Amino acid sequence: MAKLMKLEVLTPEKVLVKREDISYVLLNTIDGGIGILANHGPMIAALGEGTLKLQDSSNRVILVYVEGGFAEVKDNKVVILTPRAQEAENIDVAKNEQIRDEAKDRLDHPDALTDIPHTEKILRRAEARLKTASLVGKVQPYSMNQ
């Protein structure tokens with residue numbers, strides 16, 4: 001049996017995920033993906049906007065969109081602190097497609113009031129949510145034999 005870790009995904013509003021049966025975590029850091037297994041050394045990582053992949057003791061894959069933040073790994077516990085997080089199954093695809101399309105249109109046709117950096121951030125976040133939602137049912141569990 002795989003060794004297990006505790007995991008918490010925390011936002012300012014709520015505890016989105018709190019589990020004690022996690023066998024694998026794939027973090028989307030600002031420098032790239034980092035896989036975490038039990039007994040990983042202590043670390044703190046800055047997260048980018050994107051998908052957090054979790055795997056429980058029964059090899060079920062859980063996908064969560066995180067909007068940046070930080071991850072702390074210590075003593076077989078992973079804590080994710082993020083301004084916003086959402087389970088992939090709860091992402092409103094139509095709403096995020098509309099947000100993406102409106103942001104693209106604003107960037108393609110900016111006016112004097114268009115805040116380009118803010119609009120780019122809105123676009124990045126909508127695209128990251130859509131990517132996370134598109135992975136549901138398509139991501140295979142991590143295997144030590146890979």
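These numbers come from a predicted model, not from an experiment. Count residues from 1 along the sequence.
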Which residues share a side chain to side chain contact (heavy atoms under 4.5 Å, CB included) with Ala103, sequence neighbours left out:
Arg106, Thr119, Ile122, Leu123
Show every side chain to side chain donor-acceptor pair (under 3.5 Å) that has at least one partner inside residues 24-35, sequence neighbours left out.
none
Going by side chain to side chain donor-acceptor pair (under 3.5 Å), name the pairs with one or both residues in residues 43-54, residues two or more places apart or in two chains.
Glu49-Arg124, Glu49-Arg125, Thr51-Thr132
Please determine whether a side-chain nitrogen of the Lys or Arg among Arg19 and Asp21 lies less than 4.0 Å from a carboxylate oxygen of the Asp or Glu.
yes
Salt-bridge criterion met for Arg84 and Glu13 (N-O under 4.0 Å):
no
Roughly how far apart are Leu130 CG and Tyr65 OH, rounded to 0.5 Å?
10.0 Å
Can you find a pair of side-chain heavy atoms, one from [X] and one from [Y], that are under 4.5 Å apart?
X: Leu107; Y: Ile116; answer: yes
X: Val78; Y: His40; answer: no
X: Leu52; Y: Val25; answer: yes
X: Glu8; Y: Lys77; answer: yes
X: Leu47; Y: Thr82; answer: no
X: Lys3; Y: Asn39; answer: yes

Start with the C-alpha distance between Leu16 and Val64, add both sets of side-chain angles, then the distance that settles side chain to side chain contact (heavy atoms under 4.5 Å, CB included), and finish with yes or no.
CA-CA 9 Å; Leu16 182 70; Val64 177; 3.7 Å; yes
